[in-house]
Amino acid sequence: MTAETETPQAAARSCCSSGADHGAPAEVAIDSVTAVYEVKGMTCGHCEGAVSEEISAIDGVTEVKAAAASGQVTVSSRAPLTEEAVRAAVDEAGYEYVGKV
């Protein structure tokens, strides 16, 4: 590679002269919606994985983080999710959906 081909690429990835990349990748929606739900019955990492897997299957979901200790599941999606969809996913995983926090 020459310096000529490296410069445009570096400039495209960096928003400041320091070269630090502060931006999110293009595929991560800036208009992302994040919601937190309460789920009863999660006690371990396996439980977190089961709930995360089912909620991740909902159309539009981009990220799921379940925490057994708090009983909270944080979900990022391209658009708001219906309560029915989240409830159905949690039920399918075998846990109790309490509601949106």
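Worth knowing before you read on, the calculation uses all heavy atoms, side chains too, and leaves out hydrogens, waters and symmetry mates.
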Table please: side-chain donor-acceptor pairs of residues 44-55 below 3.5 Å, with sequence neighbours left out.
unit_1	atom_1	unit_2	atom_2	d
Glu48	OE2	Ala68	N	2.7
Ser52	OG	Glu48	O	2.9

Given Val61 and Leu81, is the side chain to side chain contact (heavy atoms under 4.5 Å, CB included) satisfied, shown in steps?
CA-CA 8 Å; Val61 170; Leu81 302 177; 3.8 Å; yes
Chi angles and distances behind the side chain to side chain contact (heavy atoms under 4.5 Å, CB included) call for Gln72, Val101
CA-CA 8 Å; Gln72 293 187 343; Val101 176; 4.0 Å; yes
Could you go step by step and tell me if Glu63 and Thr74 meet the side chain to side chain contact (heavy atoms under 4.5 Å, CB included) rule?
CA-CA 8 Å; Glu63 183 176 33; Thr74 304; over 6 Å; no
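When side chains are defined from C-beta on, Val98 does not count as touching Val39, because their heavy atoms never get closer than 4.5 Å. The side-chain heavy atoms of Val86 and Val75, taken from C-beta on, include no pair separated by under 4.5 Å.
Residue pairs meeting the side-chain hydrogen bond (donor to acceptor under 3.5 Å, both in side chains) criterion with at least one partner in residues 90-101, sequence neighbours excluded, do not occur; the list is empty. Applying the side-chain hydrogen bond (donor to acceptor under 3.5 Å, both in side chains) definition to pairs two or more places apart or across chains, those involving residues 34-44 are Thr34-Ser76.
Annotation: the span from Thr62 atom OG1 to Arg78 atom CZ amounts to 7.0 Å, rounded to 0.5 Å.
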